[in-house]
Engineer: 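A single structure is presented below for examination.
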Amino acid sequence: MPKYLLIMRGTDESNAAMMADIDEMMATTRQFIEEMVKAGVLLAAEGLDDPGQGVVVDFSGETPVVTDGPYGETKELFGGFFLLDVASKQEAVEWAKRVPAAPGSKIEVRRVPESDEVPQVDE
């Protein structure tokens with residue numbers, strides 16, 4: 001079965017809304033994770049730390065440049081993910097529609113290619 005990554009994206013506003021009621025959001029998320037486990041589709045799930053604690057390594061120039069977060073020019077931040085093993089993109093979308101998310105958040109659904117789909121380099 002194909003794997004799909006549900007990428008959680010938020011804005012400063014949606015992240016603030018989530019943090020305002022973090023206990024309820026965490027309880028709802030734990031329940032959602034349990035539903036995916038019972039359905040046998042969850043392979044992995046992780047949330048990420050505050051973007052202000054991260055860095056960006058930028059390869060635009062001749063040498064990489066490291067910039068501390070937060071990232072002022074970023075409109076949406078990658079906040080975490082769910083990795084699912086489902087039969088189709090539509091099934092992944094149906095799970096994505098059930099993610100407990102704060103208003104203004106988005107879930108990006110992307111298929112993870114199998115190893116035999118990745119171009120091989122002849123040596």
Side-chain angles (χ1 to χ4, degrees):
M1 291 212 300
K3 291 183 243 176
Y4 285 87
L5 193 63
L6 308 185
I7 303 166
M8 301 180 319
R9 297 193 179 277
T11 63
D12 288 340
E13 294 80 16
S14 67
N15 290 341
M18 180 182 69
M19 294 307 290
D21 200 4
I22 191 65
D23 292 335
E24 182 178 335
M25 179 63 74
M26 292 301 295
T28 304
T29 300
R30 278 192 290 278
Q31 181 179 14
F32 178 66
I33 288 171
E34 288 175 17
E35 291 172 16
M36 290 188 294
V37 168
K38 286 179 186 174
V41 300
L42 183 66
L43 297 175
E46 296 289 341
L48 297 177
D49 199 0
D50 181 281
Q53 302 302 312
V55 300
V56 170
V57 181
D58 184 348
F59 293 90
S60 298
E62 289 184 28
T63 59
V65 175
V66 178
T67 305
D68 290 331
Y71 321 110
E73 54 195 61
T74 303
K75 291 186 172 108
E76 294 178 353
L77 296 169
F78 175 27
F81 69 90
F82 298 101
L83 180 61
L84 306 182
D85 188 9
V86 293
S88 66
K89 179 166 67 173
Q90 186 56 42
E91 185 178 353
V93 168
E94 291 304 316
W95 281 106
K97 289 166 46 177
R98 295 177 56 195
V99 170
S105 300
K106 294 179 182 176
I107 304 293
E108 180 180 345
V109 178
R110 307 248 325 253
R111 191 173 72 84
V112 179
E114 298 292 327
S115 59
D116 62 351
E117 296 178 282
V118 177
Q120 302 299 313
V121 177
D122 295 330
E123 293 182 30

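Throughout, numbering of the chain's residues begins at 1 and tracks the sequence.
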Engineer: Nearest heavy-atom pair of Ser60 and Asp58: which atoms, and what distance?
Structural biologist: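 Closest approach of Ser60 to Asp58: OG-OD1, 2.6 Å.
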Engineer: Between CG of Leu6 and CG of Leu84, what distance do you get to the nearest 0.5 Å?
Structural biologist: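 Nearest 0.5 Å value for the CG-CG distance: 4.5 Å.
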Engineer: Using the rule that two of Ile, Leu, Val, Met, Phe, Trp, Tyr join whenever any of their side-chain heavy atoms come within less than 4.5 Å, decide whether Phe82 and Ile7 are in one cluster.
Structural biologist: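 Cluster IDs for Phe82 and Ile7 differ.
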Engineer: Applying the 4.5 Å side-chain criterion to the ILVMFWY set and letting contacts propagate, would Val57 and Phe78 be lumped into a single cluster?
Structural biologist: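 No, it is not one cluster - the side chains of Val57 and Phe78 are not joined through contacts under 4.5 Å.
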Engineer: Working to the nearest 0.5 Å, report the span between CG of Leu83 and CG of Leu42.
Structural biologist: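 Here the interatomic distance stands at 8.0 Å.
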Engineer: Could you give the side-chain donor-acceptor pairs of residues 103-114 under 3.5 Å, partners two or more places apart or in another chain?
Structural biologist:
{"from": "Ser105", "atom 1": "OG", "to": "Ala102", "atom 2": "O", "distance (Å)": "2.9"}
{"from": "Lys106", "atom 1": "NZ", "to": "Glu76", "atom 2": "OE2", "distance (Å)": "2.8"}
{"from": "Glu108", "atom 1": "OE1", "to": "Arg9", "atom 2": "NE", "distance (Å)": "2.8"}
{"from": "Glu108", "atom 1": "OE1", "to": "Arg9", "atom 2": "NH2", "distance (Å)": "2.7"}
{"from": "Glu108", "atom 1": "OE2", "to": "Arg110", "atom 2": "NH1", "distance (Å)": "3.2"}
{"from": "Arg111", "atom 1": "NH1", "to": "Glu117", "atom 2": "OE1", "distance (Å)": "3.0"}
{"from": "Arg111", "atom 1": "NH1", "to": "Glu117", "atom 2": "OE2", "distance (Å)": "3.4"}
{"from": "Arg111", "atom 1": "NH2", "to": "Glu117", "atom 2": "OE2", "distance (Å)": "3.0"}

Engineer: Would you compute the distance between atom CE of Met8 and atom OG1 of Thr29 and round it to the nearest 0.5 angstrom?
Structural biologist: 7.5 Å
Engineer: What distance do Leu5 atom CG and Leu43 atom CG have between them, rounded to the nearest 0.5 Å?
Structural biologist: 10.5 Å
Engineer: Please tabulate, for the side chains in residues 32-41, all donor-acceptor contacts under 3.5 angstrom to protein atoms that are two or more places apart in sequence or on a different chain.
Structural biologist:
{"from": "Glu35", "atom 1": "OE1", "to": "Arg98", "atom 2": "NH2", "distance (Å)": "2.3"}

